[in-house]
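Report on one structure; see the data block that follows.
Since this is a predicted model, take the numbers as computed values, not measurements.
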Amino acid sequence: MVAELLWEAANLMLIGMVAVFAFLLLLVFVVQLLSTVMQRYFPVKTTDKTTRVESGSSGPSPAVIAAISGAIHQYRQQQ
C-alpha cells in the first residue's frame, strides 16, 4: 500500500518536472525567435557619436553646488 503510494508520488513528481522543464525550454525558444524577428524587421537605430552633447566636467554644475550649500547653511542656522 505504502509502496504503491510512493511509486505514484514519484511518477507524478517526474511528470511534473518534465512538464515544467518542457515549458521552460519552449519559452526560451519562443523568446529567442521573437528576438531574432524583432532584430531583423525592427533594427535598433544607432545614434552618431558626434551628435551627442558631452559635458566637459563629470561633476555637478556650479548652480547645483550653490543650491546645496545654501540649503546646508540654512539647515545649520535653524539648529
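To the nearest 0.5 Å, the span separating CG on N11 from CG on L6 amounts to 11.0 Å.
Pairs of residues two or more places apart, or lying in two chains, never qualify as side-chain hydrogen bond (donor to acceptor under 3.5 Å, both in side chains) while including a residue from residues 24-45.
Taking hydrophobic clusters as Ile, Leu, Val, Met, Phe, Trp and Tyr residues chained together by side-chain heavy-atom distances below 4.5 Å, L5 does not share a cluster with W7.
In terms of the side-chain contact (heavy atoms from CB on, under 4.5 Å) criterion, residue partners of L34 (sequence neighbours excluded) are, by chain and number, V30. I72 meets the side-chain contact (heavy atoms from CB on, under 4.5 Å) test with I68, R76; sequence neighbours excluded. Among residues two or more places apart in sequence or in another chain, the side-chain contact (heavy atoms from CB on, under 4.5 Å) test is passed with S61 by A63, V64. Partners of Q77 according to the side-chain hydrogen bond (donor to acceptor under 3.5 Å, both in side chains) rule, which considers only residues two or more places apart in sequence or in another chain, are H73. Remark: V20 engages L24 in a side-chain contact (heavy atoms from CB on, under 4.5 Å) (not counting sequence neighbours).
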